[in-house]
2 protein chains.
Amino acid sequence: MTDDRVFKALADPTRRFLLDLLFARDGRTLTELESELEMTRYGVMKHLRVLEDANLVVTRRSGREKFHFLNPVPIQQIHDRWIDKYTEHHTSALIDLKDELENGS
Amino acid sequence: MTDDRVFKALADPTRRFLLDLLFARDGRTLTELESELEMTRYGVMKHLRVLEDANLVVTRRSGREKFHFLNPVPIQQIHDRWIDKYTEHHTSALIDLKDELENGS
DNA sequence: ACAATAGGTGACCAAATGGTCACATGTCAA
DNA sequence: TTGACATGTGACCATTTGGTCACCTATTGT
């Protein structure tokens, strides 16, 4: 399943922060993003690469610059075919679980 | 943020499979879960430990057995305060992004 | 009582991961 | 056309992670 790369990409706080930056303002360049992090350019590059491989970030080259855009589609897909399953289906059973644990039966 | 452990826990396919097993049927014991995996008991234990630390799995001891329950709350929280932000807010901007990338402007 | 059963711990190892650095390419501006 | 700028690559290193094993404790059934 291609979900794996998305989950792995989301597992790192730096990468989630990068997504947050892009969420706040799209189309930033590498050096622009780098300036927001306590990390060398190379570290940021690696993280962006992971995000690109997971298709969470899409890029466009223009001259010597590369602009980065947030792509919400993979997250939406995970949401649809994975998270809903647990939340919606189980929210009603949550009280039951709580009871079960507290009453010990 | 305590989200980190949840994201990290979800990053491993074996752990997601364990959650799937518990989603299909709650209250399973370690040896029961182990029998579904190509892995030693110790590996499964480690994964369950990670899931417990992330509060994605809740347990109840009874005698020499330990029953495992799926806890959807952390996933619900991530959904609420993280995924919605990207999906709902950006779904309308998705067409714009697509345009932007295709037209190159 | 005791053997089988269910679970737990710590050491250990290979592989993956996060991060840096030296170096290298392509592009823009004066 | 040359120097500064934006990005890229591969080697390299420390730490984390996924997994196994030897050994250990607690509970249960007979």
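Just so you know, these numbers use all the heavy atoms, side chains as well, and skip hydrogens, waters and symmetry mates. A note on names: the letters A, B, ... follow the listed sequences, proteins ahead of strands, and every chain is numbered from 1.
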Counting only side-chain N and O atoms of [X], is one of them less than 4.0 Å from OP1 or OP2 of [N]?
{"X": "B/T31", "N": "C/dG7", "value": "yes"}
{"X": "A/H47", "N": "C/dG19", "value": "yes"}
{"X": "A/T29", "N": "D/dA6", "value": "no"}

Rounding to an integer number of Å, can you tell me how far [X] [atom1] sits from [N] [atom2]?
{"X": "B/E52", "N": "C/dG7", "atom1": "CD", "atom2": "P", "result": "12 Å"}
{"X": "B/L48", "N": "C/dA6", "atom1": "CG", "atom2": "P", "result": "16 Å"}
{"X": "A/K8", "N": "C/dA15", "atom1": "NZ", "atom2": "P", "result": "16 Å"}
{"X": "A/R16", "N": "C/dG18", "atom1": "CZ", "atom2": "P", "result": "11 Å"}
{"X": "B/D53", "N": "C/dG8", "atom1": "CG", "atom2": "C1'", "result": "14 Å"}
{"X": "A/L33", "N": "D/dA6", "atom1": "CG", "atom2": "P", "result": "13 Å"}
{"X": "A/E34", "N": "D/dT7", "atom1": "CD", "atom2": "C1'", "result": "11 Å"}
{"X": "B/E65", "N": "D/dG29", "atom1": "CD", "atom2": "C1'", "result": "13 Å"}

Quick check: any donor-acceptor pair below 3.5 Å linking the side-chain of A/R41 to the base of C/dG19?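 Donor-acceptor pair under 3.5 Å: no.
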Taking every non-hydrogen atom, the tightest pair across A/S35 and A/E32: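 Between these two residues, the closest heavy atoms are OG-O, 2.6 Å.
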Can you see which heavy atom on B/F67 is nearest to which on B/G27, and at what distance?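 The pair with the smallest heavy-atom distance is CD2-O, 3.2 Å.
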Which protein N or O atoms sit under 3.5 Å from an N or O of nucleotides 25-30 of chain C?
unit_1 : atom_1 : unit_2 : atom_2 : d
C/dT27 : O2     : A/R64  : NH1    : 3.4

With nearest nucleotide decided by heavy atoms, which residue, A/K46 or B/H68, maps closer to the 5′ end of DNA chain C?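 Looking at the nearest nucleotide for each, B/H68 comes out on the 5' side.
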Given that A/Y42 and A/T14 both sit by DNA chain C, which one's nearest nucleotide is further toward the 5' end?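 Comparing both residues, the 5'-ward one is A/T14.
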Let me confirm one number: the CG-CD distance from A/D3 to A/Q77, rounded to the nearest 0.5 Å.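 So the CG of A/D3 and the CD of A/Q77 are separated by 7.5 Å.
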Could you go through B/L19 and B/L70, starting from their C-alpha distance and side-chain angles, then the distance that decides it, and tell me whether this counts as side-chain contact (heavy atoms from CB on, under 4.5 Å)? CA-CA 7 Å; B/L19 292 181; B/L70 177 66; 3.5 Å; yes
Under 4.0 Å, heavy atoms only, any strand: does A/R49 hit a base, just the sugar-phosphate, or nothing?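 Touches nothing.
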Give one of base, sugar-phosphate or nothing for A/M45, where a contact means two heavy atoms less than 4.0 Å apart.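 Base, at least one base heavy atom under 4.0 Å.
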Would you call A/R60-A/E65 a salt bridge at under 4.0 Å N-O?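 A salt bridge is absent here (no side-chain N lies under 4.0 Å from a carboxylate O).
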Pair B/H47, B/R15: side-chain N/O donor-acceptor within cut-off below 3.5 Å: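 Short answer, yes.
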Report the residue from B/L18, B/L22, B/V6 that forms a side-chain contact (heavy atoms from CB on, under 4.5 Å) with B/L56.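 Of B/L18, B/L22, B/V6, side-chain contact (heavy atoms from CB on, under 4.5 Å) with B/L56 is met by B/V6 alone.
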